[in-house]
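The structure under discussion appears below in the form of structure tokens.
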Number of protein chains: 4
Amino acid sequence: MGTKGEETKKCILQTAATLFWEHSYNLVKVDQIVKKAQINKASFYQYFKSKEQVALDGIDFMENMSKDFLMNPQLNSEPNPILRLEAFIGLVYNVQKQMHEAEGKLYGCPFVNMSTEMSNENEEMREKIAKIFRNFEEYHQKIYEEAKEQGLVSSELDPVLVGRQVVGILNGASVSSKLKKRPEEFLDALISIKVLMGAK
Amino acid sequence: MGTKGEETKKCILQTAATLFWEHSYNLVKVDQIVKKAQINKASFYQYFKSKEQVALDGIDFMENMSKDFLMNPQLNSEPNPILRLEAFIGLVYNVQKQMHEAEGKLYGCPFVNMSTEMSNENEEMREKIAKIFRNFEEYHQKIYEEAKEQGLVSSELDPVLVGRQVVGILNGASVSSKLKKRPEEFLDALISIKVLMGAK
Amino acid sequence: MGTKGEETKKCILQTAATLFWEHSYNLVKVDQIVKKAQINKASFYQYFKSKEQVALDGIDFMENMSKDFLMNPQLNSEPNPILRLEAFIGLVYNVQKQMHEAEGKLYGCPFVNMSTEMSNENEEMREKIAKIFRNFEEYHQKIYEEAKEQGLVSSELDPVLVGRQVVGILNGASVSSKLKKRPEEFLDALISIKVLMGAK
Amino acid sequence: MGTKGEETKKCILQTAATLFWEHSYNLVKVDQIVKKAQINKASFYQYFKSKEQVALDGIDFMENMSKDFLMNPQLNSEPNPILRLEAFIGLVYNVQKQMHEAEGKLYGCPFVNMSTEMSNENEEMREKIAKIFRNFEEYHQKIYEEAKEQGLVSSELDPVLVGRQVVGILNGASVSSKLKKRPEEFLDALISIKVLMGAK
DNA sequence: GATGAATGAGTTTTCATTCAT
DNA sequence: TATGAATGAAAACTCATTCAT
């Protein structure tokens, strides 16, 4: 942990990022953030020059969160790429399922949410999120390449396309699961992805 | 055409629905709608009791627009379901591509956008949009069923799942294409969908 | 009855006056009047140049209504002034009681309501209503004078004062009955008035 | 005095309550309150969640004001209840008279004004004001009971009725004095009240 | 005379941000 | 660094009134 100031800043960031995830960028008000973070409003502006800034930093925060969660060494020590893929999607599914059970709602992917809302309005946000998805695409591209090498898949597709499509399919599941309050969309997405890859 | 009042109402609706599509529900202000529709603000409230109402009616408007566009008799007279699927996605692709060329932006699917932003905040919106997607799922389910009957696909999947997944994959393409400003995501999605179906 | 135009005007007047009585001048909107009177809004302005005007004319309308109701020949043919007083207040009481039973509310005296709300804001309204009350004061002054002549009362008060006080006490009953939803305030007021007069 | 914020809140409250007294609830606009209180409009909403709330709190404020003014220990140390009654009404009369002299207008009782305008529209306001009048009724009931005990009155009336009627008569004086711009209505009311009580 | 439609000027309320201590 | 208080600008919505046919 860091100094008190660093702790406060992190608390604001975490609170804001979570609220944006749950309620969208535009519906969350600074008042709501500072109330939930239990800080003074002027303090908020001491750490972040604007609401936009906290959203921008919040994207980074969420990226780190999701990397820790989804791309951690434990999961990635699994040598079988298809099992890795299954574990990855299983983790996503569990998060959404728990949200749904706990709150009756399901928030989908924070990057999908924010980009859908803001990518045409804020170039900085768009670029940040696009980069995050590019990483995810590469991650799944590698899975496919490894699977190919290991003879675990029967298809002969462009790995770049597969990487993109895996992320695309998961983004679609994010949208559908949120709309329908149906976490199983992620499990169904896994089926599509495996069919796409020709996983045996 | 209808009475002057009906024309005005339709003009407001069209203007609002388009603005919501382009900029999200929360970022579009009533002032902006009335300015673009070239009407007085009080007139707006004579036709719609609230901004929420115009969004709700705007969803219906967009549904009709998309039905006219995507589920029209011409397209659906095509007996080959796979060609129908290709034509459907081709139309979507063309719209997005033209937007991109004309405005440098790409707005994705209006229902994906609005549901991502609002489905957890407004139950009425959520239900309306969920129903629209259910229709699309059925549409693609039927395509798959017909394709199966006609021996055009090799897979043996649950048609309900396929219907859902086609819509899911297209929703993902909507998100990705908007974020990346890359209309080709829809063409890539078609590849995934055909692989999923096992289209020969 | 008069021409169609006169009928329409009277309908507007009656509707407006009733609404003002029930909900106050400022809370009643022109839209509400025209909706309840089932006329077009432009028609309203054909008959009355403003909302203020319909209120002013509405005061006259209410004055005529109350004169017909409270100062009619039948009631005033009663030679005993105390019985006349009792009948007068009995009529008022019955109106309020019926309102209360029918609608759960009780609207009090329309002149008390409007003058309390508007007498400091609109001199024309103030004068109109003041004149109406002066008539009522004279009416009760005469009752007292007759009662004195007929030896029906034991007090020796200034009849002008008594006239004023009878109206004042009834105005107080109007306020209290409306606030407490208790029509019996008028019956209690009768007691006070009779004590004041020294009615045997 | 309290903190700056408390002072500001009190200033708003006092300003608003006075304006409502002078001009009615519905005619006073938030803009007018903030201008007179010399604060920013957003500050208003930091201290009161709505115009309705400031009116509700304003009723309490006025209740405290009137208690301090009319039910203070000095006045109530007078052992003779009739003299107490006279002093009470004398105070009311003086306030109204001074208003009249200073501003050419006379505002009557703030509770009478607000209840006449709002009791059928806002149950919370109705209850608050009804409670205030119940206190005044009890106050005057006690005066009558004491006067009876001390043999200062000749009547044999139900003290509850007398309490109610004293308040009713004063409410009537409030209405009449405001309408006629005649503070003396309160002195006349005192006559009626003493006759009612049979004060010697 | 009647009516569908339009509108300028408010009115309440909100919000991101800054000030002052 | 922390915080109680303040604020300009804007947002949603309303209202009395008038226009045009």
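Every chain is numbered from 1 and lettered A, B, ... according to where its sequence line falls, protein lines coming before strand lines. Remember, it's a predicted structure, so these values are computed and weren't measured experimentally.
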All N/O donor-acceptor pairs, side-chain side in residues 18-30 of chain C, below 3.5 Å, sequence neighbours left out:
residue: Thr18(C); atom: OG1; partner: Gln14(C); partner atom: O; Å: 2.7
residue: Trp21(C); atom: NE1; partner: Gly108(C); partner atom: O; Å: 2.7
residue: His23(C); atom: ND1; partner: Glu121(D); partner atom: OE2; Å: 2.9
residue: Ser24(C); atom: OG; partner: Leu27(C); partner atom: N; Å: 3.2
residue: Tyr25(C); atom: OH; partner: Glu52(C); partner atom: N; Å: 3.4
residue: Asn26(C); atom: ND2; partner: Glu117(C); partner atom: OE2; Å: 2.8
residue: Lys29(C); atom: NZ; partner: Asn26(C); partner atom: O; Å: 2.9

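Nearest to the side-chain atoms of Gln46(A) among the listed nucleotides dA5(F), dT3(E), dT1(F) stands dT1(F). The side chain of Ser43(B) sits closest to dA6(E) out of dA2(E), dA6(E), dA5(F).
Contacts of residues 12-21 of chain B with DNA chain F (heavy atom under 4.0 Å): none.
Phosphate contact (OP1/OP2 of dA5(F), side-chain N/O of Thr3(D), threshold under 4.0 Å): present. Here Thr8(D) reaches the OP1 or OP2 of dA6(F): one of its side-chain N or O atoms lies under 4.0 Å away.
Other residues, nucleotides and ligands place no more than 12 heavy atoms under 6.0 Å from the NZ atom of Lys35(C). Sparse packing is recorded around NZ of Lys10(C), with 12 or fewer heavy atoms of other residues, nucleotides or ligands lying under 6.0 Å away. Counting heavy-atom neighbours within 6.0 Å of Lys105(C) NZ, excluding the residue itself, gives a total above 12. Under a cut-off of 6.0 angstrom, the local environment of CD in Glu127(B) is crowded, with over 12 non-hydrogen atoms contributed by other residues, nucleotides or ligands. The neighbour count for Glu103(A) CD, taken as heavy atoms of other residues, nucleotides or ligands under 6.0 Å away, is above 12.
Nucleic acid contact for Tyr47(C): sugar-phosphate only, since backbone atoms but no base atoms lie under 4.0 Å from a heavy atom of the residue.
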Sugar-phosphate or base contact per nucleotide [nucleotides 16-21 of chain E; S, B, -; heavy atom under 4.0 Å]: BBBB--
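With sequence neighbours excluded, the residues forming a side-chain hydrogen bond (donor to acceptor under 3.5 Å, both in side chains) with Glu123(C) are Arg126(C), listed by chain and number. Checked against side-chain hydrogen bond (donor to acceptor under 3.5 Å, both in side chains), Lys41(C) has the following partners two or more places apart in sequence or in another chain: Asp31(C).
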Secondary-structure string, 5' to 3', Watson-Crick or G-U under 3.5 Å, | for another-strand partners, for DNA chain E: .||||||||||||||||||||
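The distance from atom CD1 of Ile39(B) to atom C1' of dG4(E) is 16 Å, rounded to the nearest whole Å. Rounded to whole angstrom, the span from the CD atom of Gln53(D) across to the C1' atom of dT13(E) amounts to 15 Å. The CD-P distance, from Gln32(A) to dT14(E), rounds to 13 Å in whole Å. Whole-Å rounding puts the Tyr25(B) OH to dA11(F) P distance at 14 Å. Rounding to whole angstrom units, CD of residue Glu6(C) and P of dA2(E) are separated by 12 Å. One interatomic measurement links the two molecules: CG of Leu27(B) to C1' of dC15(E), which rounds to 14 Å at whole-angstrom precision.
Cation-pi geometry between Lys178(A) and Tyr107(A) is not met at under 6.0 angstrom from the ring centre and within 45 degrees of the axis.
Residue Gln46(C) holds its CD atom at 9.0 Å from CG of Asn40(C), rounded to the nearest 0.5 Å.
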Trace of the side-chain contact (heavy atoms from CB on, under 4.5 Å) decision for Phe111(A) with Leu179(B): CA-CA 10 Å; Phe111(A) 309 116; Leu179(B) 174 62; over 6 Å; no
